[in-house]
There are 2 protein chains.
Amino acid sequence: MNNFVFYSPTEFVFGRDTEMQVGALARKQDARKVMIVYGGGSVVRSGLLQRVKTSLQEAGVLYCEMGGVQPNPIDTKVYEGIEFCRREQADLMLAIGGGSVIDTAKAIAAGVPYEGDFWDFYVGKAKVKKALNVAVILTIPAAGSEGSGNSVITKVDTLQKLSLRVPELLRPVFSIMNPELTYTLPPFQTACGIADMMVHIMERYFTNTQQVEISDRLCEATLMAVIKEAYRVKQNPDDYDARANIMWCGTIAHNGTCGVGCEEDWASHFLEHEVSALYNVTHGAGLAVIVPAWMTFMAEHHPKKIAQFAIRVFNVPQSEDLEETALAGVSRLKHFFRYMGLPVNFKELGIVNPDIDRLTDSLHRNKGEFVGNYMKLTKKDSKEIYRLAL
Amino acid sequence: MNNFVFYSPTEFVFGRDTEMQVGALARKQDARKVMIVYGGGSVVRSGLLQRVKTSLQEAGVLYCEMGGVQPNPIDTKVYEGIEFCRREQADLMLAIGGGSVIDTAKAIAAGVPYEGDFWDFYVGKAKVKKALNVAVILTIPAAGSEGSGNSVITKVDTLQKLSLRVPELLRPVFSIMNPELTYTLPPFQTACGIADMMVHIMERYFTNTQQVEISDRLCEATLMAVIKEAYRVKQNPDDYDARANIMWCGTIAHNGTCGVGCEEDWASHFLEHEVSALYNVTHGAGLAVIVPAWMTFMAEHHPKKIAQFAIRVFNVPQSEDLEETALAGVSRLKHFFRYMGLPVNFKELGIVNPDIDRLTDSLHRNKGEFVGNYMKLTKKDSKEIYRLAL
């Protein structure tokens, strides 16, 4: 087992009606003025925004608001937010939404006290030394951003989709999670979120670090729970317990609970980031296409952990032939994704003729000669994985 | 799923040589003077205490020290510590040891800024409103106190063994966990720790709260990992990975990771506290006696979750007869405890003729008419469970 630090200081307030606690929680953080960040109109239409404002008012906390954050969030919205926040002198960023909104709020939180261009942080030209506090009311379980110090932003000009990781400053101070708020998520968005959280676990699970039984078991446990509850939520989108299980799985998939003591992989995420940056597809749908391709490649080149996944998570019978066992697992994963309404190849994703050369070149330009850790992918390997996704 | 708050702000610094970071970590907490608390001489003999002092010195942090904390820690040592800490004007309690030392440090941390008798907190006469920071270097994986806000102290005069829970103030600010420090733990102590952490999980797992699949799976995952690694550490006490897995399992067994959204039980712990308070046995050994008796009782009266435990954790074949399945699980658990060198009945615990009436009376005097939640135990039930442990 590798040395590690586990530090998850976010206060997760989970359950029915918990959004009504936002005023009290903001006060506990000594917030004077909250900047509310959200995406489309559903937060307004559902009445959630108004409930939040009422709770803040009752707690005597001021607020201002910025809507309009788009999926695959972009730098221009961050610049707008930084300027707005400075003008309003807000001191706590409150994201209401999913990963895109939270990641935008984090970027603004880091950008406000910084004199230079916030994009410096994403390209590694500067380090975040100070940031406003970030808080969350989660409405889309997927990205795990409510419990992580990560933020992914796309630069519109160059279509670079880059991630920043500053756990000590960008982890939300509190995250409010009411599963009822997710009842209205359309089936496709629900499925994309499920794919995203599953792959967060798999990026940690597919490791060469030996004998970290507790991490293997926790990853498998979370994957099994997600899959079981996904079937239930597909049948009944208003099933509170199914929504609640999925919502919490999305958090622990990405807050450090899974994968302690292991070198992580992340190749699938990086392969997908190129796809969603170039074709603006939903990240979770992109992952549902890329991950089976990546696993199929690994079944041939490095099947050990893929086979363990097949046996323990998908009940594939044990066999002498690791590759065969691994491929049976991939097949069951694809079957599950399809049942959830997710694409499992480029065509189903709506990209009939992807520019694989461009994707590969951009990937290795952004991430270097080798990508991932479970197996260090060369350009040739990456290209083959993209091809396996056709 | 019930509403819950998950908040685990402790910074866990895990791995080889991590004790050398104690000076830097204490500084990060703005500590001026650390009060080191420890138990017997092993911390001195192993050189650990000296390494800690060197690290503190190098970081420019002052220290004072109090050794001599005993297993099943007592109030008199807490009074001594409070007085000593006030005299020395220490501002960070650093526990080096296991649950007894940590719990003593927590009691001192709460007692120092309080004008009244610290025991008020344990009997519910007063609430902790302020406490010194507590930090930990863990040498005995068992109690999970390194990640919890709990403290259990025994009053010498009355033999009352009572617990206090103040997560917002008594959770350690950091916990250093080097599995190498546990190589020298004798097999019996290792086994007692394993029993303790397993039962921490089981107190959460044995719940009537329905459909919290993620909690069930995480509990089962952690139990399976502990059992597997326990066999390995029994064969080879210097197996780093086995020690590391067990050490981390002990923490997540008790920091809130397991059991979210469920009503917890804790009857077995309360039944055992009476035994160790009266007969001064090791808590983990007491649990190895009480838990199989509690489960045997439940196999008859409320077998559902005991049967699930048997099937998922101990691979007992599924059967129509829930009681039979449950009892097969109890039998495998006893077999495992025995293999680890633990007692599984009062006689093996060295108590030939336990005073069951006194244990029962004291239990219900301390805890009320009903004890536990999985099934609310009456005096008659408690007596029967003690009898099943004969």
Side-chain angles (χ1 to χ4, degrees), chain A residues 1-18 21 147 168 173-175 177-179 209-229 232 239-252 255-258 260-261 312, chain B residues 1-18 21 147 168 173-175 177-179 209-229 232 239-252 255-258 260-261 312:
Chain A
M1 192 186 294
N2 298 342
N3 283 15
F4 67 90
V5 171
F6 178 79
Y7 184 47
S8 171
T10 303
E11 183 172 0
F12 297 100
V13 180
F14 191 102
R16 294 178 202 269
D17 299 324
T18 44
Q21 298 178 41
E168 62 283 13
V173 288
F174 64 83
S175 286
M177 303 171 68
N178 177 357
T209 312
Q210 297 289 307
Q211 301 194 323
V212 195
E213 184 71 6
I214 183 58
S215 280
D216 279 5
R217 288 290 184 190
L218 292 178
C219 288
E220 291 152 2
T222 312
L223 287 166
M224 282 189 284
V226 172
I227 292 164
K228 179 177 175 193
E229 301 301 327
R232 282 175 63 205
D239 184 320
Y240 180 83
D241 288 316
R243 289 285 190 186
N245 273 284
I246 288 169
M247 197 173 209
W248 187 241
C249 287
T251 300
I252 61 173
N255 81 329
T257 300
C258 295
V260 290
R312 291 200 187 171
Chain B
M1 193 187 294
N2 299 341
N3 283 14
F4 67 88
V5 171
F6 177 79
Y7 184 47
S8 172
T10 304
E11 184 171 0
F12 297 100
V13 180
F14 191 103
R16 296 179 201 267
D17 300 323
T18 45
Q21 298 178 40
E168 62 284 12
V173 288
F174 65 82
S175 286
M177 304 171 67
N178 178 357
T209 312
Q210 297 290 307
Q211 300 194 323
V212 195
E213 183 72 6
I214 182 58
S215 280
D216 279 5
R217 288 291 185 190
L218 291 178
C219 288
E220 291 153 1
T222 312
L223 286 166
M224 283 189 283
V226 171
I227 292 164
K228 178 176 175 195
E229 301 301 328
R232 282 175 63 207
D239 184 321
Y240 180 84
D241 288 315
R243 290 283 190 187
N245 273 283
I246 288 169
M247 197 173 207
W248 187 241
C249 286
T251 300
I252 61 172
N255 81 330
T257 300
C258 295
V260 290
R312 290 199 188 171

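Keep in mind that the numbers below use all heavy atoms, side chains included, and drop hydrogens, waters and symmetry copies. Keep in mind the model is a prediction, meaning the values are calculated, not measured. A, B, ... follow the sequence lines: proteins, then strands. Residue 1 opens every chain.
In this structure, B:Glu213 and B:Arg217 have side chains that are in contact, with non-hydrogen atoms separated by less than 4.5 Å. Counting only heavy atoms from C-beta outward, the side chains of A:Phe14 and A:Pro179 approach each other to under 4.5 Å.
Using a 4.0 Å cut-off between a side-chain N of Lys or Arg and a carboxylate O of Asp or Glu, A:Glu220 and B:Arg312 do not qualify as a salt bridge.
With a 4.5 Å cut-off on non-hydrogen atoms, B:Thr18 touches chain A through its side chain but not through its backbone. Only the side chain of B:Ile252 comes within contact range of chain A, with at least one heavy atom under 4.5 Å from a heavy atom of that chain. No part of B:Val226 comes within reach of chain A, as not one of its non-hydrogen atoms sits under 4.5 angstrom from that chain. Neither the backbone nor the side chain of B:Phe174 comes within less than 4.5 Å of any heavy atom of chain A. Heavy atoms of B:Met1 lying under 4.5 Å from chain A belong to its backbone as well as its side chain. For B:Glu229, the part lying under 4.5 angstrom from a heavy atom of chain A is the side chain only. Both the backbone and the side chain of B:Thr222 come within less than 4.5 Å of a heavy atom of chain A.
In terms of heavy-atom pairs under 4.5 angstrom with chain B, the leader among A:Ala242, A:Gly261, A:Ala221 is A:Ala221. Contact count against chain B (heavy-atom pairs under 4.5 Å) is highest for A:Val212 among A:Asp216, A:Val212, A:Thr251. Chain A forms the most heavy-atom pairs under 4.5 Å with one residue out of B:Cys219, B:Ala244, B:Ser8, and that residue is B:Ser8. Between chain A and the residues B:Thr257, B:Asn2, B:Val260, the largest count of heavy-atom pairs under 4.5 Å involves B:Val260.
Considering NZ of B:Lys228 and CG of B:Leu223, their distance stands at 15.0 Å, rounded to 0.5 Å. To the nearest 0.5 angstrom, A:Phe6 atom CZ is 5.5 Å from B:Trp248 atom CH2. Here A:Leu218 contributes atom CG and B:Cys249 contributes atom SG; the two are 7.5 Å apart, rounded to the nearest 0.5 Å.
Looking at A:Asn245, its side chain never comes within 3.5 Å of a backbone N or O of A:Ala225 through a donor-acceptor pair.
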*Please assess B:Arg232 against A:Gln211 for the test side chain to side chain contact (heavy atoms under 4.5 Å, CB included), listing each intermediate value before the final yes or no.*
CA-CA 11 Å; B:Arg232 282 175 63 207; A:Gln211 301 194 323; 3.0 Å; yes
